[in-house]
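Naming convention: chains lettered A, B, ... in sequence-line order (proteins, then strands); numbering from 1 in each chain. Values in this document were obtained by computation on a predicted structure and should not be read as measured data.
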Amino acid sequence: VPVTLKKPKEKVTEQIAAPRRMPWALQSVLWLVAAVAILEVSFAMAGLGEQEYLKPDQSFGYDLIPSKFVTWRKEGFARLHINSHGMQDVERALVKPAGTKRIAVLGDSFVEAMQVDRSRNFCNIVERQLNAADGTQKWEVLNFGVSNASLSQMYLRLKEKVSKFSPDVVAIEYPVDATYQFIPDQSATFLAARPIFHFDGHSLHEDRQLMYIWRQSPEGQRYRMTSWLRANSWIWGVVSNCVEQACGWWQGLISGRTRWGSELATNAPPAPATTVNANAVHLTPEALAQTEKRASQYYWPIADGLFKMIKDECDRQKCKLVVIRFSRATKNDNPEESRLLRETAARYGFPVIDAIPAFTRSRAEGARLFYDQHFNLEGHALLATEILNHIRSTIGMPSNVNP
Amino acid sequence: MLFNSISYLVFFPIVLALYWLAPDRWRKALLLVASYVFYMSWIPIYGVLIFAMTVCNYALALVIDKTRTTTTSGSPSKLTKGLFIFGIVGNVATLCYYKYTGMLVETLVKLTNGFAGIFNLQVHAEMPLVDILLPLGISFFAFEFIHYLYDVYKGNRPIYGPVDFGLFAAFFPSQIAGPIKRYQFFLEQMSRPIRFNGAMFNEGVALLVQGLFKKVAIADNLIPLVNAGFANTATVGTFDAWIALLGFAVEVYCDFSGYTDMGRGSAMMLGYNLPINFDFPYLSASIQQFWRRWHITLSTWLRDYVYIPLGGGRAGTATKYRNLVITMTIGGLWHGAAWHYVIWGFLMGVALVLNHYYDEFAKRTKWLEQLHSLPPTKVLCVVFTMLGVWLSFVLFRADNMTHAMEMYAAMFTWRPSSVVVELLPANPVLIAMLAYAVYALLYCLPNFHPHPLLEKLRSRLTPNVIPAQAVVYASVALAAVGFAPTSPSPFIYFQF
């Protein structure tokens with residue numbers, strides 16, 4: 001009897017059951033791609049790793065990274081998108097639309113206003129109020145605020161960037177103690193790497209040496225090499241934040257400020273009180289005021305020169321100049337600086353919107369206008385009100401503006 | 001040292017490398033030294049305390065073991081009994097001194113002033129300054145010592161090697177907030193030669209990064225919300241109060257189970273297994289089940305060393321209920337030196353009694369038994385159990401009874417919300433919780449049998465080559481530190 005041999009069953013089963021295993025290298029690459037994608041999306045949704053929003057800039061030292069998303073949690077909270085021109089503002093056309101008047105506001109982090117929702121910073125409040133009051137034309141208030149900006153940077157920004165937007169009014173922020181920005185900072189850090197002006201007794205001279213030194217430094221080279229990642233990757237932001245924290249921890253450890261394993265802050269024994277140095281010179285309030293007065297006087301010629309250059313630039317661009325002055329969280333006024341500013345303004349013929357009295361009054365009444373350093377919502381609302389109050393008398397705004 | 005600190009990130013890899021490079025015979029000594037370095041990085045002098053307690057308990061257990069001669073009645077000799085009681089009292093007294101002195105003094109002062117008021121006495125007691133800093137983890141290692149002495153007293157073999165005992169007492173992955181180990185289980189692991197086990201190491205890394213995520217990405221981000229709610233109990237709105245409470249429920253779970261995961265993960269990477277402490281407690285369908293799944297090592301410790309010695313359920317239903325309430329009240333007191341913890345523990349005891357009573361009643365009633373077997377009823381049981389447990393957490397978290405009552409009032413009477421609700425949009429915790437929920441569904445529910453499709457997805461999404469696993473672990477760790485707030489927070493259970 002012929003015997004028909006069947007194929008062994010086990011073998012078939014084995015073949016089917018054997019799992020198809022992807023090559024390990026391919027599997028690893030796929031996991032890496034998936035992990036990067038998931039992390040980027042998660043961090044973007046949560047607004048993490050967005051703390052780097054400044055990039056080195058050839059002209060101004062540094063500027064906002066265009067089209068960058070920023071979630072601000074240090075003081076207050078806001079989720080913002082820097083526009084394609086590198087402004088903390090909505091997208092603005094370079095060419096001024098017909099029937100529109102533009103106010104360009106230049107300043108530091110107080111104007112940049114990362115701490116509050118964009119719709120509630122003083123620039124936006126002023127824009128809204130002007131448009132609500134004036135039906136004849138459209139008003140645009142352009143925000144050119146950049147963290148830590150000095151008057152020198154504002155002048156250069158006005159010349160090279162703001163002018164392209166054809167503003168009708170240029171508003172320069174000059175808060176209390178802004179003159180101290182002229183004290184030379186030789187720290188060779190990113191924020192110190194900017195153009196400065198020296199006064200030789202006759203005229204101002206631009207100096208970009210600190211920018212060149214910083215650019216050659218390891219930090220400068222790292223910034224240059226990682227510019228794309230800094231602008232586009234959330235993971236990069238998280239990693240650099242971690243590295244920064246680890247470096248801070250390490251420096252604290254080697255300098256003795258931090259103790260190994262002492263992170264149990266709430267449970268740990270109190271740190272020894274700061275030792276008072278017997279040889280330290282403690283300034284009396286009078287002496288401190290005198291020092292501040294002298295510092296303001298010493299560096300004022302630079303401010304004065306810059307204001308003249310800014311006024312000349314505004315005249316060249318056929319726009320009006322106005323200076324906005326207000327208090328800081330830690331200081332209401334610097335009377336000497338205020339006096340010098342008034343003199344300069346009278347000399348060159350530009351108005352000053354002085355919000356210091358309003359800030360002083362509100363604080364005396366118990367209003368809370370600042371987070372730790374910057375304006376909170378109330379601070380922005382107060383400054384907007386002050387600007388709108390002064391706007392008619394200072395730069396001839398429509399008479400029906402009634403904030 | 002915190003598991004979620006940069007110090008530990010440096011410390012642990014060094015210890016791990018030295019441990020696996022060292023010859024087997026040196027490893028225990030190395031771990032012992034590392035454990036003391038870990039502990040003493042906080043307040044070095046407290047290393048002396050744990051060392052002294054270790055030496056005393058080690059010597060006592062050896063003497064108890066040596067003198068254990070049973071009398072004709074079968075009970076241990078008077079000397080053994082005396083030494084045992086001395087040991088237990090010593091451990092409890094040390095714990096009480098460091099943990100409860102402040103509470104006792106405060107209560108005495110209040111009582112004195114209260115009586116003086118009632119009887120019109122011209123006495124006014126002032127609160128003296130009690131400046132005793134609680135040594136980290138004392139509640140945990142004191143409980144381990146008590147368990148050790150009790151078991152040796154009951155006839156178990158003690159640990160003879162001083163290094164072995166020192167390591168049992170100070171093993172850094174479980175030193176500060178448990179899990180509360182059982183020495184028999186740990187001794188068995190110490191007695192065998194430790195060989196590197198890839199699968200165990202892999203599981204350890206997974207647990208470590210998972211715990212890190214739970215702690216820093218979820219629990220730490222919830223702290224501002226919870227603190228804002230419980231610090232403003234007089235002004236919080238209804239939504240504020242509920243968000244703060246639910247936030248605390250998630251925070252305390254992620255904080256403690258995250259710590260346990262990190263501890264167990266670190267131990268596994270060193271070749272040791274630590275007991276499981278949490279088994280998805282928020283899926284419990286009764287209070288009884290909850291305590292079998294929440295802080296399991298404490299619940300079992302209380303069962304074995306308080307409830308059973310008190311008589312357990314052997315002497316009738318009334319005694320059983322009494323013992324349950326006493327045990328849970330002690331459990332509440334263990335959590336902290338404050339009356340709201342005691343009341344919380346007492347209420348948990350009462351809830352357990354009601355649970356037992358209802359269970360017995362349901363067993364006798366056929367329709368109730370049938371009702372409980374229906375899936376919707378099971379879901380409802382989980383919902384009600386969790387609601388009950390979370391509501392009890394108000395007592396647990398509030399600073400005092402007044403704040404707790406204010407919180408309950410805010411939860412159950414309508415008030416407009418502005419305190420916690422306003423902080424919510426700025427907090428990345430919801431995204432972190434969503435990410436963890438997906439992760440837990442895929443990887444953390446071993447006993448959960450989902451749809452076959454999900455099972456297939458789960459197996460597909462489990463990397464099985466080392467570089468791919470490394471990518472996943474690195475990503476979870478990066479996600480954890482990415483979501484973490486700027487400064488690390490200590491674990492909640494450190495204060496216990």
Side-chain angles (χ1 to χ4, degrees), chain A residues 19 21-49 51 71-74 76-79 117 234-235 237-239 241-250 252-253 258-270, chain B residues 1-2 4-11 37-44 131 133-134 136 176 217 221 422-423 425-432 434-435 438 459 461 463-479 481-491 494-495:
Chain A
R21 291 192 76 172
M22 213 183 279
W24 70 268
L26 181 62
Q27 199 187 131
S28 307
V29 170
L30 284 177
W31 273 103
L32 185 65
V33 171
V36 167
I38 292 168
L39 284 179
E40 287 286 3
V41 171
S42 310
F43 289 156
M45 278 166 69
L48 300 165
Q51 75 282 0
T71 302
W72 194 265
R73 291 192 174 92
K74 279 186 210 162
F77 171 71
R79 296 198 79 163
D117 187 73
W234 282 267
I235 294 178
V238 166
V239 171
N241 195 21
C242 294
V243 171
E244 199 177 297
Q245 277 191 37
C247 290
W249 174 82
W250 177 248
L253 203 67
T258 317
R259 201 162 53 80
W260 172 272
S262 65
E263 290 91 346
L264 283 165
T266 56
N267 242 350
Chain B
M1 199 183 297
L2 294 167
N4 57 329
S5 65
I6 304 176
S7 301
Y8 190 70
L9 192 71
V10 176
F11 168 82
V37 170
F38 179 88
Y39 193 78
M40 290 166 76
S41 67
W42 178 55
I43 301 178
D131 192 18
L133 207 60
L134 186 69
L136 271 184
I176 292 172
N221 275 317
E422 278 193 4
L423 296 175
N427 203 310
V429 73
L430 291 177
I431 310 262
L434 182 72
V438 174
S459 65
L461 291 178
N464 44 28
V465 293
I466 291 172
Q469 283 165 346
V471 165
V472 174
Y473 296 147
S475 307
V476 179
L478 186 62
V481 291
F483 275 94
T486 333
S487 53
S489 305
F491 293 87
F494 277 13
Q495 63 185 298

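Interface remark: A:L39 contributes side-chain atoms only to the contact with chain B (heavy atom separation under 4.5 Å). Contact of A:I235 with chain B is made through the side chain alone, with heavy-atom distances under 4.5 Å. Proximity to chain A (any heavy atom under 4.5 Å) is shown, for B:F38, by neither the backbone nor the side chain. The parts of B:A426 that come within reach of chain A are both its backbone and its side chain, each placing non-hydrogen atoms under 4.5 angstrom from that chain.
No more than 12 heavy atoms of other residues, nucleotides or ligands sit less than 6.0 Å from atom CD1 of B:I466.
Atom CD1 of B:I431 is separated from atom CZ of A:F43 by 11.5 Å, given to the nearest 0.5 angstrom. Within the model, atoms CG of B:L434 and OG of A:S42 stand 8.5 Å from one another, a figure rounded to the nearest 0.5 Å.
Between A:S28 and B:V465, the shortest heavy-atom contact is OG-CG2, 3.9 Å. When all heavy atoms of A:A246 and B:I6 are compared, the closest pair comes out as CA-CD1, 3.9 Å. Taking both residues in full, the closest heavy atoms of A:Q27 and B:A468 are given as OE1-CB, 4.0 Å, listed atom of the first, atom of the second, then distance. The two residues B:P425 and A:F77 come nearest to each other via the heavy atoms O-CZ, 3.5 Å.
Looking only at heavy-atom pairs under 4.5 Å with chain A, the residue among B:S475, B:A484, B:A470, B:P463 that has the most is B:P463. Annotation: maximal heavy-atom pairing with chain A below 4.5 Å, among B:L423, B:V10, B:L9, occurs at B:V10.
Exactly one of A:V36, A:L32, A:V33 qualifies for a side chain to side chain contact (heavy atoms under 4.5 Å, CB included) with B:V471. That residue is A:L32.
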